[in-house]
Amino acid sequence: MSLDVRESVPLAPLTTLGVGGPARFFAEADGEAAVVEAFRFAEARGVPLFVLGGGSNLLVADRGVDALVLRVRVRGVEVVRGDGGAGGDDGRGPRVLVRAGAGEGWDDLVARAVAEGWAGVECLSGIPGDVGATPIQNVGAYGQEVAETIAEVQAIDRATGAAAVLAGADCGFGYRDSRFKRAWRGRYVITAVTFALRPGGAATVRYPELQRALAAPPGGAAPPLAEVRSAVLALRRGKSMVLDPGDENGRSAGSFFMNPTLDADAAAGALARIEAAGVLAPGEAIPQYPAAGGRVKLSAAWLIERAGFVKGTRHGAAGISTRHTLALVNRGGATAAELLDLARRVRRGVLDRFGVALSAEPDLVGFAPGETDDLVSGAHAAAQGS
């Protein structure tokens with residue numbers, strides 16, 4: 001058998017949190033044939049198959065994962081259609097189509113795009129993980145999402161073992177969401193992603209914090225892509241949101257909670273409760289942003305801080321980052337149980353104070369059915385009048 005399957009492989013070293021038990025079975029696949037072989041192995045052993053990407057958006061249970069954990073290592077980056085109009089035109093200029101294997105490092109791809117002058121992903125600099133994970137979560141930061149540039153997703157259908165090409169427009173992208181997390185959950189293993197980037201295009205600078213860092217006035221000329229990438233990396237580094245072994249906050253899964261998005265009525269109720277709670281400084285406005293479908297997005301980090309949780313809060317060997325309240329961190333030797341306990345404390349504090357339910361962003365893997373429902377059942381958040 002060409003697929004090298006190992007047993008009882010520790011998963012903690014393969015995640016950025018550095019937490020969790022072993023995989024019952026573990027294998028790496030460097031091509032589509034190996035992915036299909038992994039399907040057959042899991043079926044023959046009667047175990048689920050879980051696909052591990054870069055391990056950056058993941059919390060593994062202390063007991064480990066009773067499954068075949070598959071690391072997709074399909075590599076390679078190629079320009080499948082050149083610029084000059086051959087890649088099409090989305091109204092902002094010609095595009096270049098770039099196909100990247102699922103096992104390519106995401107930030108490596110962003111760095112190359114910026115170096116080549118291909119606009120469209122520069123604000124996503126510094127995000128850890130692999131290319132193959134980006135469509136699932138619809139990775140986004142600083143005013144940009146991969147949904148804006150994904151042209152196609154190449155995958156293997158688990159049911160048939162056949163290759164599939166899924167148009168980006170069919171992936172149902174939303175805020176930190178896609179059909180891969182809902183209707184297509186467990187159906188496909190992604191092997192490559194094709195991005196439509198803009199050669200010579202202007203950088204995307206629409207996020208207020210990034211505009212301030214670049215001293216770029218709204219509506220003004222966009223800075224060079226490299227300057228935007230540098231600014232984004234500096235902002236992320238200041239929040240311990242880049243991989244740095246020497247950073248005390250470095251062992252995290254990034255943002256542990258999603259920003260809640262509420263319909264208009266729920267948002268009005270939440271805003272009224274926040275104002276009534278007496279947490280606003282004189283002249284302070286509640287951070288809020290328009291979201292799709294007339295919804296309103298609130299800042300999870302702001303809500304957490306105003307609910308009384310300070311940076312550096314500890315719970316055993318787990319804690320809140322000293323730089324960013326959205327990040328829960330492993331201070332050294334933390335368990336998944338400690339991190340879940342801390343997450344529940346934070347979620348309950350925000351819910352009790354403001355009636356807004358936060359939802360965990362990382363995948364929670366290896367836990368018993370129902371064990372983490374209280375942390376994910378409020379996906380996209382729901383305002384509650386408690």
Side-chain angles (χ1 to χ4, degrees), residues 9-21 23 26 28 50-61 65 69-75 100-111 121 123-142 144-146 150 175-178 180-181 189-190 193 229 232-233 235-259 300-301 318-321 323-324 326-331 334 336 339-340 343 359-366 372 375-376:
V9 174
L11 293 176
L14 302 179
T15 73
T16 55
L17 260 171
V19 168
F26 180 86
E28 295 185 337
F50 173 74
V51 178
L52 175 68
S56 60
N57 193 49
L58 181 66
L59 175 59
V60 176
V65 183
V69 175
L70 182 68
R71 183 82 191 270
V72 178
R73 290 291 204 175
V74 179
R75 306 301 295 269
E104 288 290 330
W106 170 251
D107 194 52
D108 293 338
L109 179 64
V110 175
V121 293
C123 296
L124 307 179
S125 294
I127 295 175
D130 293 345
V131 166
T134 59
I136 298 171
Q137 189 77 0
N138 184 20
V139 165
Y142 295 102
Q144 206 167 52
E145 294 179 334
V146 291
I150 290 178
Y175 171 65
R176 302 297 183 271
D177 193 28
S178 72
F180 296 105
K181 295 180 69 174
V189 171
I190 295 171
V193 184
R229 173 172 166 79
V232 168
L233 289 173
L235 288 171
R236 293 185 66 87
R237 194 170 291 112
K239 301 173 183 177
S240 294
M241 290 292 186
V242 294
L243 293 180
D244 181 356
D247 188 339
E248 64 171 340
N249 299 298
R251 282 179 291 191
S252 81
S255 298
F256 200 91
F257 294 102
M258 293 188 285
N259 290 321
I320 296 176
S321 168
R323 293 184 175 182
H324 197 338
L326 264 187
L328 304 189
V329 300
N330 173 9
R331 293 289 179 208
L339 284 157
L340 286 185
S359 185
E361 183 169 330
D363 287 329
L364 309 177
V365 179
T372 59
L375 287 170
V376 299

Worked verdict on Arg75 versus Asp130 for salt bridge (Lys or Arg N to Asp or Glu O under 4.0 Å): CA-CA 10 Å; Arg75 306 301 295 269; Asp130 293 345; over 6 Å; no
For Gln137 and Asn57, run side-chain contact (heavy atoms from CB on, under 4.5 Å): C-alpha distance rounded to whole Å, both residues' side-chain angles, the deciding distance at 0.1 Å, then the answer. CA-CA 9 Å; Gln137 189 77 0; Asn57 193 49; 3.7 Å; yes
Start with the C-alpha distance between Glu28 and Arg71, add both sets of side-chain angles, then the distance that settles salt bridge (Lys or Arg N to Asp or Glu O under 4.0 Å), and finish with yes or no. CA-CA 5 Å; Glu28 295 185 337; Arg71 183 82 191 270; 5.1 Å; no
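In this structure, the separation between OG on Ser321 and CZ on Phe256 is 14.0 Å, given to the nearest 0.5 Å. Taking CG from Asn138 and CZ from Arg176, the interatomic distance works out to 7.0 Å, rounded to the nearest 0.5 Å. Here the OG-CZ distance, from Ser252 to Arg323, works out to 11.5 Å after rounding to the nearest 0.5 Å. Atom CG of residue Leu52 and atom CG of residue Asp363 lie 10.0 Å apart, to the nearest 0.5 angstrom.
No donor-acceptor distance shorter than 3.5 angstrom exists from the side chain of Glu104 to the backbone of Val131, with no hydrogens or angles considered. With hydrogens and angles ignored, the 3.5 Å screen pairs no side-chain donor or acceptor of Tyr175 with any backbone N or O of Gly140. When atom types are taken as modelled, the side chain of Trp106 and the backbone of Gly126 share no donor-acceptor pair closer than 3.5 angstrom. Between the side chain of Thr15 and the main chain of Leu58, no donor-acceptor pair closer than 3.5 Å is present. Not a single donor-acceptor pair under 3.5 Å links the side chain of Thr372 to the backbone N or O of Leu375. Remark: the backbone N or O of Phe180 is paired with a side-chain donor or acceptor of Ser178 at under 3.5 angstrom.
Side-chain contact, Ser240 with Asp247: a donor N or O sits under 3.5 Å from an acceptor N or O. Judged purely by distance below 3.5 Å, without hydrogens or angles, the side chains of Asn249 and Arg331 pair a donor atom with an acceptor atom.
The existence of a salt bridge linking Asp244 and Arg236 is excluded, since no basic side-chain nitrogen approaches an acidic carboxylate oxygen closer than 4.0 Å.
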